[in-house]
Undergrad: 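A single structure is presented below for examination.
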Amino acid sequence: MTKPFHIRLPDGSVREVEPGTTPADIAAAIGPGLAKAALAAKVDGEVRDLNRPLEGDAELALITARDEKDALELVRHDYAHVLAEAVQNLFPGTQITFGPATEDGFYYDFAPAPDRGPFTEEDLPAIEEEMRRVIARDEPLVREVWTRDDVRAFFEKQGEAFKAEWVMELPAEETITMYRSGGWMDLCRGPHLASTGKLDPQAFKLTRVSGAYWRGDQKNAMLSRIYGTGWLNRKQLQQHLTRLEEAAKRDHRRIGQDMDLFHLQPEAQGSVFWHPKGYMIWRQLEAYMRRKLDAAGYEEVKSPQLMDARMWEASGHWGKYRENMFVVPDEVPNTEAEGPVISGEGDWMALKPMNCPAHVQIFKQGIKSYRDLPLRLAEFGCCHRNEPHGALHGIMRVRQFTQDDAHIFCRADQVVEEVRIFCDLLDGVYRDLGFETYEIKLALRPDQRFGSDEDWDRAEQELRDAVAAAGRASDEFGWEELPGEGAFYAPKLEFHLKDAIGRTWQVGTIQADTVLPDRLDASYVRADGDRHRPVMLHRAILGTFERFIGILIEHHAGRFPLWLAPVQAVVATIVSEADDYAREVAAALAAAGLRVETDLRNEKINYKVREHSLAKVPNLVVVGKREADERTVALRELGADVSQMNLGLDQLVERLRKAATPPDLVRD
RNA sequence: GCCGCUUUAGCUCAGCUGGUAGAGCACAUCAUUCGUAAUGAUGGGGUCGUGGGUUCGAGUCCCUCAAGCGGCACCA
């Protein structure tokens with residue numbers, strides 16, 4: 001193109017420019033301030049390099065640090081590049097692979113030189129220093145269009161097998177670009193900042209190293225990944241590091257130990273020892289869920305832990321899920337000192353990894369009529385799954401867990417309505433538990449699955465329809481479809497909670513399953529007397545108690561809502577003369593149904609206030625001689641301002657009784 | 001399961017180049033009865049994750065296994 005063309009700017013003005021003009025030229029023409037601040041350009045909505053010539057009429061916006069989202073992504077991608085260059089400077093023979101921007105920073109995956117081994121955290125300070133030198137050199141980042149074969153030849157010559165492999169797999173229509181910074185080159189789609197010097201050398205930090213599989217596949221080589229966090233300026237970095245510290249303080253493992261809620265130990269790897277205080281939270285949560293389920297027309301059941309392998313063969317778990325199951329022999333172990341403990345000749349049984357097959361057995365007892373549907377069978381079902389060692393994490397990811405599970409057996413034409421009702425139930429529960437927002441995803445058929453494509457088509461569509469009917473298939477709920485993520489027997493809706501510091505956790509789910517009723521031969525009798533397969537909806541709201549309580553701990557940072565708090569009030573004395581009165585106050589609170597303790601120790605009130613505050617006791621009821629004489633209390637609430645309230649004993653009991661009422665039992 | 005790191009008192013951690021364990025908190029005893037985030041004194045407490053090796057001698061060096069942590073893969 002040789003003729004001038006027109007560029008429209010965000011303020012609506014239009015500039016006529018000559019071919020070869022770059023966004024940087026336009027920025028400079030507008031003003032030196034903008035030229036300096038510009039990081040990249042948005043051309044017809046696509047982020048591009050500042051120095052990449054414009055090709056024709058277009059809308060142009062210049063990206064500066066004010067456009068935080070775009071700017072951060074650019075900057076992080078550049079930090080990743082600088083990281084790669086720095087590593088190759090310091091460790092010749094290291095191969096480069098991928099290095100994208102992430103949520104709060106960047107990483108780069110390397111194949112270390114054979115004589116070197118993976119990177120360790122001890123390498124990081126030196127790499128950071130080298131990165132600062134690369135930034136200080138302020139090399140321009142130059143975009144070049146190459147041919148596929150040239151790129152391959154280039155990388156093969158350099159001994160870069162991974163890059164050479166990757167370029168050959170890029171889509172044929174893709175323009176292949178290389179970025180040059182000084183003498184260093186990388187295959188990269190871009191865009192990038194104009195030069196490395198645009199980065200703030202004090203706004204990044206390398207945070208950790210880890211292994212990562214080449215292209216995310218377990219069968220491939222293990223690469224060495226270096227993570228960093230990167231920002232536009234030093235202040236943002238500091239804020240981020242502070243946020244990380246705050247998040248660490250919320251860690252459920254730390255709080256669980258500090259508040260004496262539970263513990264884990266190697267002899268029961270992946271299973272939780274619940275202490276009295278932790279189990280009190282569980283009991284409150286379970287009681288709440290039971291009330292909600294009762295009210296929603298569910299019937300609670302309890303099913304066996306151990307079932308014969310034949311049952312799991314019939315359900316399909318034996319074939320598709322066995323590597324996650326704890327299988328045990330149905331055989332008396334040998335108690336002789338010598339010889340094998342078991343001969344292996346007995347039948348096999350397995351601890352249940354799911355409750356569904358057992359619930360089908362309950363459904364199948366007797367003949368079910370269409371009039372019995374929907375039948376909603378609920379169980380706080382304790383399941384075991386043999387999770388890989390590396391997957392275990394505190395009480396969030398364990399091997400023994402209890403689901404708030406239920407299976408709704410219904411007619412095909414009831415599915416959409418049942419899913420809609422479920423969405424409302426779940427919504428109310430999350431709100432009661434203090435979560436304002438959650439996201440909904442639809443996980444579609446996986447490669448490994450049972451059932452016909454027609455069944456999957458229908459089941460997937462029904463879940464879509466139901467979410468739409470519930471009014472939740474919108475951006476507000478982060479609606480998204482996830483190909484290949486479904487369970488082997490059914491597609492599933494996933495409900496992801498967003499916690500107080502913005503992390504998301506998958507908890508609730510509902511799955512529309514026609515496969516299992518068929519495999520296990522469940523049927524109901526229709527009005528015309530024919531037998532039909534029911535649809536089975538697998539569903540959970542909390543997911544598991546273990547994981548959910550972990551989320552609650554981190555969400556509330558241990559400061560549970562009063563109705564869930566293990567200890568709701570401590571009555572602490574100032575002088576021992578008030579001991580008898582303190583016992584009376586505690587007894588009155590306990591009689592009103594509150595979980596209360598007394599602290600009559602011979603310690604200063606400062607000491608007691610500090611200790612119970614750190615223990616996150618929601619209400620501290622202080623009594624001294626004055627209160628004992630006047631039959632009042634001084635109430636100090638956790639988290640509120642330090643001012644105390646002076647109340648009569650009756651007022652206190654009424655106030656706390658009301659405040660501690662579970663949300664579903666509150667009557668206005 | 002894979003990669004890296006870690007494992008010392010109930011908890012959090014110190015222990016340099018190998019010479020036979022230390023702090024704070026917690027706990028116990030005593031004194032103190034003190035009005036809203038730590039009163040003081042004294043004391044008890046550790047086969048230094050497991051098993052092996054090197055050495056005159058190992059918490060310190062090497063190997064094995066295990067668990068924990070951060071990721072990857074997997075997943076509620």
Undergrad: In plain terms, say whether A:Glu246 and A:Lys249 are close enough for a salt bridge, that is, a side-chain N and a carboxylate O under 4.0 Å apart.
TA: yes
Undergrad: Output yes when at least one side-chain N/O atom of A:Asn606 is less than 4.0 Å from OP1 or OP2 of B:U36, else no.
TA: no
Undergrad: Would you mind pulling out the nucleotide paired to B:A76, Watson-Crick or G-U wobble, both distances under 3.5 Å?
TA: none
Undergrad: Is the closest basic N to carboxylate O distance between A:Arg116 and A:Asp123 below 4.0 Å?
TA: yes
Undergrad: Does the structure show a Watson-Crick or G-U wobble partner for B:U7, both distances under 3.5 Å? Name it, or say none.
TA: B:A66
Undergrad: Determine the Euclidean distance between corresponding C1' atoms of B:A58 and B:G44; express it in Å to zero decimal places.
TA: 28 Å
Undergrad: Can you tell me the base-pairing partner of B:C16? Count Watson-Crick or G-U wobble geometry only, both distances below 3.5 Å, and say none if there is no partner.
TA: none
Undergrad: What is the distance, to the nearest angstrom, from the CZ atom on A:Arg610 to the C1' atom on B:C34?
TA: 18 Å
Undergrad: Base, sugar-phosphate alone, or nothing: which one does A:Ser576 contact when heavy atoms must sit under 4.0 Å apart?
TA: base
Undergrad: Look at all strands and tell whether A:Lys625 reaches a base, only sugar-phosphate, or nothing, counting heavy atoms closer than 4.0 Å.
TA: base
Undergrad: Looking at every strand, decide which applies to A:Ile605 at a 4.0 Å heavy-atom threshold: base, sugar-phosphate, or nothing.
TA: sugar-phosphate
Undergrad: Please state whether the phosphate of B:G70, meaning OP1 or OP2, lies under 4.0 angstrom from any side-chain nitrogen or oxygen of A:Arg253.
TA: yes
Undergrad: Would you mind checking if A:Asp258 and A:Lys616 are paired as a salt bridge, meaning a charged N to carboxylate O distance below 4.0 Å?
TA: no
Undergrad: NA contact type, A:Ala540, heavy-atom cut-off 4.0 Å: base, sugar-phosphate, or nothing?
TA: nothing
Undergrad: Pick the closest RNA chain B nucleotide for A:Met222 and for A:Glu627 by heavy atoms, then say which residue is nearer the 5' end.
TA: A:Met222
Undergrad: May I ask you to say whether A:Glu611 pairs ionically with A:Arg601, meaning some side-chain N is under 4.0 Å from a carboxylate O?
TA: yes
Undergrad: Look at the side-chain N and O atoms of A:Gln269 and state whether any lies under 4.0 Å from the OP1 or OP2 oxygen of B:G68.
TA: yes
Undergrad: Please determine whether a side-chain nitrogen or oxygen atom of A:Tyr607 lies at a distance below 4.0 Å from atom OP1 or OP2 of B:G40.
TA: no
Undergrad: So, A:Glu439 and A:Lys441, do they make that salt bridge, N to O below 4.0 Å?
TA: yes
Undergrad: Report the base-pairing partner of B:C2 (Watson-Crick or G-U wobble, both distances below 3.5 angstrom), or none.
TA: B:G71
Undergrad: Looking only at atom C1', what distance separates B:A9 and B:C3, rounded to whole Å?
TA: 33 Å
Undergrad: Would A:Glu121 and A:Arg208 pass as an ion pair if we require N to O under 4.0 Å?
TA: no
Undergrad: The side chain of A:Leu614 is closest to which nucleotide in this list: B:G70, B:G35, B:A37?
TA: B:A37
Undergrad: Using atom C1' in both nucleotides, what's the gap between B:U8 and B:U60 to the nearest angstrom?
TA: 11 Å
Undergrad: Could you let me know what B:U47 is paired to, Watson-Crick or G-U wobble, both distances under 3.5 Å, or none if it's on its own?
TA: none
Undergrad: Rounded to whole Å, please give me the gap between CZ in A:Arg116 and P in B:C3.
TA: 16 Å
Undergrad: Pick base, sugar-phosphate or nothing for A:His393, based on heavy-atom distances below 4.0 Å to the nucleic acid.
TA: sugar-phosphate
Undergrad: Under 4.0 Å between a side-chain nitrogen and a carboxylate oxygen: does that hold for A:Arg610 and A:Glu603?
TA: no
Undergrad: Quick test of your reading of the model: are A:Asp580 and A:Arg583 salt-bridged, counting only N-O distances below 4.0 Å?
TA: yes
Undergrad: Within 45 degrees of the axis of the six-membered ring of A:Phe450 and under 6.0 Å from its centre: does A:Lys320 put its NZ or CZ there?
TA: yes
Undergrad: Using the P atom on both, measure B:A21 against B:U47 and round to a whole Å.
TA: 13 Å
Undergrad: In this structure, how many angstroms lie between the P atom of B:U36 and the NZ atom of A:Lys604, rounded?
TA: 11 Å
Undergrad: Atom CD of A:Glu121 and atom C1' of B:G4: how far apart are they, to the nearest Å?
TA: 8 Å
Undergrad: Round to a whole Å and report the spacing from CG of A:Leu600 to P of B:C34.
TA: 16 Å
Undergrad: Establish, yes or no, whether the cationic atom of A:Arg225 lies under 6.0 Å from the six-membered ring centre of A:Tyr108 and within 45° of the ring axis.
TA: no
Undergrad: Under 4.0 Å between a side-chain nitrogen and a carboxylate oxygen: does that hold for A:Glu584 and A:Arg631?
TA: yes
Undergrad: With a 3.5 Å limit on both atom pairs, tell me what B:A41 is paired to, counting Watson-Crick and G-U wobble, or say none.
TA: B:U29
Undergrad: List, with names and distances, any nitrogen or oxygen atoms from the protein found under 3.5 Å away from nitrogen or oxygen atoms belonging to nucleotides 74-76 of chain B.
TA:
residue : atom : partner  : partner atom : Å
B:C74   : O2   : A:Arg397 : NH1          : 3.4
B:C74   : O2   : A:Arg397 : NH2          : 2.6
B:C74   : N3   : A:Arg397 : NH1          : 3.0
B:C75   : O4'  : A:Arg397 : NH2          : 3.4
B:C75   : O2   : A:Arg397 : NH1          : 3.1
B:A76   : OP1  : A:Lys492 : NZ           : 3.1
B:A76   : OP2  : A:Lys492 : NZ           : 3.1
B:A76   : O3'  : A:Gln506 : O            : 3.3
B:A76   : O3'  : A:Gln506 : OE1          : 3.2
B:A76   : O3'  : A:Gln506 : NE2          : 3.3
B:A76   : O2'  : A:Gln506 : O            : 3.1
B:A76   : O2'  : A:Arg547 : NE           : 2.9
B:A76   : N6   : A:Glu387 : OE2          : 2.9
B:A76   : N6   : A:Val398 : O            : 2.7
B:A76   : N1   : A:Val398 : N            : 3.4
B:A76   : N1   : A:Val398 : O            : 3.4

Undergrad: Is A:Glu169 salt-bridged to A:Arg215, cutoff N-O under 4.0 Å?
TA: yes
Undergrad: Select one nucleotide: of B:G71, B:G35, B:U39, the one nearest the side-chain heavy atoms of A:Arg208.
TA: B:G71
Undergrad: What's the CG-C1' distance between A:Asp260 and B:C25, to the nearest Å?
TA: 16 Å
Undergrad: So what's B:C34 paired with, Watson-Crick or G-U wobble, going by both distances under 3.5 Å?
TA: none
Undergrad: Name the nucleic acid region contacted by A:Phe548, choosing base, sugar-phosphate or nothing; use a 4.0 angstrom heavy-atom cut-off, strictly under.
TA: nothing
Undergrad: Whether A:Arg290 and A:Glu286 form a salt bridge (side-chain N of Lys/Arg under 4.0 Å from carboxylate O of Asp/Glu) is what I want to check.
TA: yes
Undergrad: Please list, by residue number, the residues of residues 96-107 of chain A whose heavy atoms come closer than 4.0 Å to an atom of RNA chain B; answer none if no residue qualifies.
TA: none
Undergrad: Give the rounded distance in Å between these two atoms: CD1 of A:Ile255 and P of B:C11.
TA: 18 Å
Undergrad: On a whole-Å scale, what distance lies between the P atoms belonging to B:A67 and B:U54?
TA: 28 Å
Undergrad: Using the P atom as the reference point in each nucleotide, state the distance between B:C65 and B:A28 in Å, no decimals.
TA: 43 Å
Undergrad: Measuring only the C1' atom in each nucleotide, how far is B:C61 from B:U55? A whole number of Å is fine.
TA: 10 Å
Undergrad: Does B:G59 have a Watson-Crick or wobble mate here (both distances under 3.5 Å), and if so which one?
TA: none
Undergrad: Return the value, rounded to whole Å, for the distance between atom CG of A:Leu223 and atom P of B:G70.
TA: 22 Å
Undergrad: Quantified in whole Å, what is the C1' atom distance between nucleotide B:U6 and nucleotide B:C48?
TA: 14 Å
